[in-house]
Amino acid sequence: MFFTGSNDSKVKLWDTNTFEAVQEINLDYRINQLDTDNDGTYIVVATEDYYPRIIDLKNVLSAGITNLSANKMDSEILCCKINPLKTHIVATGDSQGNVKLWDLRMRNRLLLELSHEESRRAHLKNCNDLCWNSDGTELASIATDGRCYIWTPFTTTIERKQMCSLDLMRNKIKKRVSQRLLRFDDYLLCNTDHGEIQIYETIEGKLYSKIDHPVSQQTNKSTNYFTGMTMQQNIANSRGLRLYLGTSSISNTE
């Protein structure tokens, strides 16, 4: 199965054999992002209201939807990502720049909140995407404040490292139907509003390379951008790597 969410406030569960929606869940609020664990036992959903939700795929019809927080919250949830190894840990980002970690073993309770001394938040503005590394020890966050960070949330002293310098135009749109961040080993790929993919080397936090939109040289960059991106590993004899990019134009890029 695979799952989709949209502005119609519905999460749909699809059968890959028939490519038909077999179940439809109305959450009454527009869907900003969703993620699922590796085993496909639950979905975490970020909606335009203030509460991230968990959908238990084994018990959808009877009380299968749970709000992560029982306390009052006042920020729209823009993104959510499940830790790839510690699947009971869920990270969320909201419209006030907060990045919060939730432990599903502690129902309706916040585990921790990432912040720095100056603002007491992770970001100054909308945090609109998050990304874990493969072993779940580091979390990348990006926001419309022009900053992209990598955090170490499970260390005694939580550290943060800024990727490249401040760039207010890198991520200026609060909501865009696209994946912003993708992590591979020591590299972080960032889908920017410049119409390019910027690749950061995470140890030094420096720009390593970039991929331009295939038609951005001939037309206005602001109207051409990358939408989805994913990576295929071990493509031949356990070696090789391929990056797939969806674009806003009529063609896709490999």
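Numbers for residues simply follow the sequence, beginning at 1. Values below: all heavy atoms of this structure, side chains included; hydrogens, waters and symmetry mates excluded.
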Thr202 side chain reached by Asn133 side chain, heavy atoms, under 4.5 Å = no

key: Worked verdict on Lys58 versus Asp56 for salt bridge (Lys or Arg N to Asp or Glu O under 4.0 Å)   = CA-CA 5 Å; Lys58 297 179 180 179; Asp56 183 355; over 6 Å; no

request  = Drop me the distance from Trp132's CH2 to Glu138's CD, to the nearest 0.5 angstrom.
outcome  = 10.5 Å

request  = Could you check if a side-chain atom of Tyr42 sits within less than 4.5 angstrom of a side-chain atom of Ile82, using non-hydrogen atoms only?
outcome  = yes

key: Within-4.5 Å side-chain heavy-atom neighbours: Glu24 and Val11   = no

query = Can you tell me how far the CG atom of Leu243 sits from the CZ atom of Phe184, to the nearest 0.5 Å?
reply = 10.5 Å

query = Can you tell me how far the CG atom of Leu189 sits from the CD atom of Gln198, to the nearest 0.5 Å?
reply = 10.5 Å

task = Check the side chains of Asn191 and Arg176 for a donor-acceptor pair under 3.5 angstrom, ignoring hydrogens and angles.
result = yes

query = Apart from Leu207 itself, what residues make up its hydrophobic cluster, given side-chain heavy atom links below 4.5 Å?
reply = Ile142, Ile150, Met163, Leu181, Leu188, Tyr200

request  = Please report the C-alpha distance between Asp212 and His194 in whole Å, then the side-chain angles of each, then the deciding distance to 0.1 Å, and finally whether the side-chain hydrogen bond (donor to acceptor under 3.5 Å, both in side chains) criterion is met.
outcome  = CA-CA 9 Å; Asp212 288 320; His194 295 301; over 6 Å; no

query = For the residue pair Leu114 and Leu112, what are the closest heavy atoms and their distance?
reply = CD2-CD1, 3.6 Å

inquiry  = Ring centroids only, cut at 6.0 angstrom: are His213 and Tyr225 within range, meaning strictly under it?
reply    = no

inquiry  = If we count only N and O atoms by modelled type, under 3.5 Å, do the side chains of Asn126 and Thr144 hold a donor and an acceptor together?
reply    = yes

ask   = Do Asp39 and Thr41 get their side chains close enough for a donor-acceptor pair, meaning under 3.5 Å?
value = no

inquiry  = Looking at every non-hydrogen atom in both residues, tell me the closest pair between Tyr29 and Thr47 and how far apart they are.
reply    = CB-CB, 4.0 Å

task = Under the side chain to side chain contact (heavy atoms under 4.5 Å, CB included) rule, what do Leu111 and Val90 come out as? Steps first, then yes or no, please.
result = CA-CA 9 Å; Leu111 177 64; Val90 174; over 6 Å; no

message = Please find the pair of heavy atoms, one from Ile31 and one from Lys10, that lie closest to each other, and give the distance.
response = CG1-O, 4.0 Å

query = Does the side chain of Glu113 come within less than 4.5 Å of Val99's, by heavy atoms?
reply = no

With sequence neighbours excluded, residues passing salt bridge (charged side-chain N to carboxylate O under 4.0 Å, His left out) with Lys161 = none

request  = Grab the two heavy atoms, one from Asn128 and one from Leu78, that are nearest each other, plus how far apart they are.
outcome  = CA-CB, 4.2 Å

ask   = What's the shortest heavy-atom distance between Ala122 and Trp151, and which atoms?
value = CB-CZ2, 3.6 Å

message = Name the residue from Lys174, Arg180, Arg170 that meets the salt bridge (charged side-chain N to carboxylate O under 4.0 Å, His left out) definition with Asp193.
response = Arg180

message = Are Leu130 and Gln33 packed together at the side-chain level, in the sense that at least one heavy-atom pair is separated by less than 4.5 angstrom?
response = no

inquiry  = Both conditions, 6.0 Å and 45 degrees, for the charged tip of Lys86 above the ring of Phe154: are they met here?
reply    = yes

task = Quick one: sort the Trp14 and Phe2 rings into parallel, tilted or perpendicular, breaks at 30° and 60°.
result = parallel

key: Donor-acceptor contact below 3.5 Å, side chain Asp185 vs main chain Tyr187   = no

inquiry  = A side-chain contact here means heavy atoms from C-beta on lying under 4.5 Å apart; do Lys210 and Ile197 qualify?
reply    = no

query = With a 4.0 Å cut-off, would you call Lys175 and Glu76 a salt bridge?
reply = yes

request  = Could you point out which residue of Lys81, His123, Arg160 forms a side-chain hydrogen bond (donor to acceptor under 3.5 Å, both in side chains) with Ser141?
outcome  = His123

query = If you look at every heavy atom in Asn98 and Ser75, which pair is closest and at what distance?
reply = ND2-OG, 4.0 Å

